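One-based numbering along the sequence shown. All figures in this text were calculated on a predicted structure; none of them were measured in a lab. FYI, side chains are in, hydrogens and waters are out, and symmetry mates aren't considered; it's all heavy atoms of this structure.
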Amino acid sequence: MSAKSPRVLLIGIGGVYNYGCEAIVRGTEAIIRKEYPEADIVYASKRPSDDQRRLEGSKVQIIQRGMLSRYSVKNICRKLLSLCDIRWSPMEDSLKLLKNVDTVLSIGGDIYTLHPKGNYSLSLPKFGNAAQKRGVPYVLWGASVGPFSDNPRAEMVFARHLKKLSLITARESATVEYLRTLGVRDNVVPCADPAFLIASEIKASHTQQCNGLTIGINLSPLSTRYTKYSLEDSIQMQANTIQGIIKTFNARIILIPHVVCNFNENDDDLRYLQRVKGAIEPGYQDKIKLLDSDAGFVGVKKELVKCDLVVAARMHCAINALAAHVPTILVSYSRKAVGMCRYVYNNSDWVVSLDEFLPDNISWKVTRLIDQIEKTRGYLAKRIPEIQQDAYRPVQILKEMLEGRRG
């Protein structure tokens with residue numbers, strides 16, 4: 001292997017229809033190419049043709065991920081065992097993906113976590129274990145991890161796996177702290193999410209618009225799975241909250257999807273926000289705009305900078321706004337949002353739980369942020385360049401790991 005031309009495999013995400021995943025791929029490429037301009041970066045995709053279109057301009061090579069088919073022997077066995085209350089999570093990725101690969105980066109932000117009902121998959125960890133047995137370093141890249149506390153067996157299995165990884169680059173403090181409780185320390189490097197690097201030239205003007213307050217709001221169907229409310233109740237409650245914001249502040253609202261998924265409505269912010277908008281009373285509709293184009297990460301950033309502040313449930317929508325110096329309130333359905341808030345703001349003032357996304361709670365937060373908006377904008381203008389430098393922190397360790405393997 002030439003010192004300047006490693007072959008790096010990116011794997012883990014479901015597709016860059018999730019704009020955060022698009023930003024992770026683009027940001028990871030930028031980080032790697034800072035040290036290895038001619039690196040051969042390969043992304044194993046479940047949807048290669050769609051991802052190729054969405055990653056236009058990137059030099060990342062996109063290949064078919066090659067997951068197990070629904071009717072494969074392993075999947076049939078897994079289903080039969082589940083009927084007997086026996087849980088088996090087979091490795092779904094082909095080991096052919098490891099051919100001539102110098103390192104594997106497991107990307108996706110929060111793929112190492114419990115599902116809403118407390119279950120989990122070991123498919124990707126098993127692929128990582130197989131890579132390391134073959135001498136290929138496996139890195140959990142720009143990640144939030146866990147917590148697995150609600151499932152002790154999962155916590156035990158993942159702790160054992162995480163201790164053996166070549167490297168974990170953790171994107172927020174809550175993950176670093178949680179990993180320490182599992183005894184995972186020596187292979188952990190704090191860093192910033194690669195998404196902070198994308199389109200860094202696009203920044204808010206820091207000039208309040210003279211015709212009133214504009215608030216961007218991102219909500220997702222995924223987040224509702226983490227609440228005690230039904231989907232229909234969540235939609236109506238969130239519609240009521242938006243009405244309350246309009247009434248209290250006479251604000252214009254831009255509803256901003258950050259995942260546009262035409263094949264799975266349960267992961268599609270656009271269709272979800274259409275339903276939220278439809279549940280808002282007619283008298284408020286002229287104050288609401290739904291961003292209904294499939295704009296991608298950079299396209300959405302151009303809309304986010306038009307907002308005086310943003311309220312975001314999707315982590316990467318929040319990152320997209322914050323990186324553009326737009327004051328942002330994070331709507332939390334897991335501890336990762338609290339960790340990200342602390343990482344960016346150095347406090348937990350600008351995070352609210354999804355269950356607390358109610359008119360009085362949000363109005364109080366928005367009022368406080370408006371009172372401090374110039375101070376917050378100035379803070380972000382200084383803080384974001386520091387965070388962007390943090391995003392490059394793992395590259396030297398990655399270089400040492402690759403050179404050590406070569407040597």
Which residues share a side-chain contact (heavy atoms from CB on, under 4.5 Å) with [X], sequence neighbours left out:
| X | value |
| --- | --- |
| Ala159 | Leu182 |
| Ala323 | Phe196, Lys301 |
| Ser293 | Leu291, Ala295 |
| Pro194 | Thr28, Ile31, Trp141 |

Margin query: Using the ring-ring contact (aromatic ring centres under 6.0 Å, His included) criterion, which residues pair with Phe249? Sequence neighbours excluded.
Written below: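 Testing Phe249 for ring-ring contact (aromatic ring centres under 6.0 Å, His included), a comparison that skips the adjacent residues, returns none.
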
Check: Which residues satisfy the ring-ring contact (aromatic ring centres under 6.0 Å, His included) test with Tyr138, sequence neighbours excluded?
Finding: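 Scan of Tyr138 (ring-ring contact (aromatic ring centres under 6.0 Å, His included), adjacent residues dropped) gives none.
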
Quick one: list whatever passes side chain to side chain donor-acceptor pair (under 3.5 Å) with [X], sequence neighbours left out.
| X | answer |
| --- | --- |
| Lys289 | none |
| Tyr284 | none |
| Asn187 | none |
| Arg33 | Glu29 |

Item checked: Pairs touching residues 355-366 that satisfy side-chain hydrogen bond (donor to acceptor under 3.5 Å, both in side chains), sequence neighbours left out ->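 Sorted pair list: Ser353-Glu356.
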
Checklist line | Within residues 382-398 or reaching into it, pairs that qualify as salt bridge (Lys or Arg N to Asp or Glu O under 4.0 Å) - sequence neighbours excluded | finding: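 Salt bridge (Lys or Arg N to Asp or Glu O under 4.0 Å) check on residues 382-398 returns Arg383-Glu386, Asp390-Arg393.
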
